[in-house]
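First the structure, in the form of structure tokens, and then the observations on it.
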Amino acid sequence: MPVSIIQRNVKLKCKPTNSLQAYQCLIQAIEEEISELQIMLSELSNSEVKQQFIREWSPHTTSVAVRD
């Protein structure tokens with residue numbers, strides 16, 4: 001069975017003192033990040049936002065900011 005590597009830098013919002021706290025901080029940070037990404041995905045799924053993105057995109061675009 002092939003193994004895939006999933007890698008992402010996650011900034012913890014707390015300073016854990018033991019491994020259980022570190023795990024809980026990691027889960028909390030990932031849940032918050034997923035929530036933010038779901039909001040962004042929802043916004044980008046809007047047809048008006050999609051059309052605006054498509055109109056304004058160029059080959060020189062190197063980053064995208066999604067604001068609420």
Side-chain angles (χ1 to χ4, degrees):
M1 171 184 234
V3 177
S4 63
I5 297 174
I6 300 173
Q7 181 176 351
R8 183 160 188 115
N9 292 328
V10 178
K11 185 169 182 159
L12 301 180
K13 295 185 178 184
C14 59
K15 189 167 185 148
T17 57
N18 60 49
S19 58
L20 179 59
Q21 286 180 353
Y23 176 80
Q24 291 170 338
C25 288
L26 176 61
I27 294 301
Q28 180 183 13
I30 291 172
E31 285 175 342
E32 290 175 8
E33 192 169 325
I34 288 171
S35 177
E36 290 175 7
L37 289 171
Q38 285 176 327
I39 292 169
M40 289 173 56
L41 182 59
S42 176
E43 289 292 320
L44 290 168
S45 297
N46 177 299
S47 61
E48 290 177 22
V49 174
K50 176 183 175 183
Q51 290 304 316
Q52 182 178 354
F53 178 87
I54 291 169
R55 275 194 310 272
E56 294 178 6
W57 183 85
S58 78
H60 304 289
T61 302
T62 58
S63 66
V64 176
V66 179
R67 295 184 181 92
D68 189 13

> Any idea which heavy atoms bring L37 and R8 closest together, and the distance?
Replying inline: CD1-NH2, 4.3 Å

> What distance do I34 atom CD1 and L41 atom CG have between them, rounded to the nearest 0.5 Å?
Replying inline: 12.5 Å

> Got a second to check how far S47's OG is from Q52's CD, nearest 0.5 Å?
Replying inline: 11.5 Å

> So which heavy atom on A22 is nearest to which on P16, and how close?
Replying inline: N-CB, 3.3 Å

>> Return the CG to CD distance between N46 and Q51, rounded to the nearest 0.5 Å.
In response: 10.0 Å

> So if you build clusters from Ile, Leu, Val, Met, Phe, Trp, Tyr with side-chain heavy-atom gaps below 4.5 Å, do Y23 and V10 land together?
Replying inline: no

>> Once rounded to the nearest 0.5 Å, what's the spacing between atom CD1 of I30 and atom SG of C25?
In response: 11.5 Å

>> Quick check for you: to the nearest 0.5 Å, what is the distance between I27 atom CD1 and E32 atom CD?
In response: 12.0 Å

> Which distance, rounded to the nearest 0.5 Å, do you find between the CD of E31 and the CD of Q28?
Replying inline: 7.5 Å

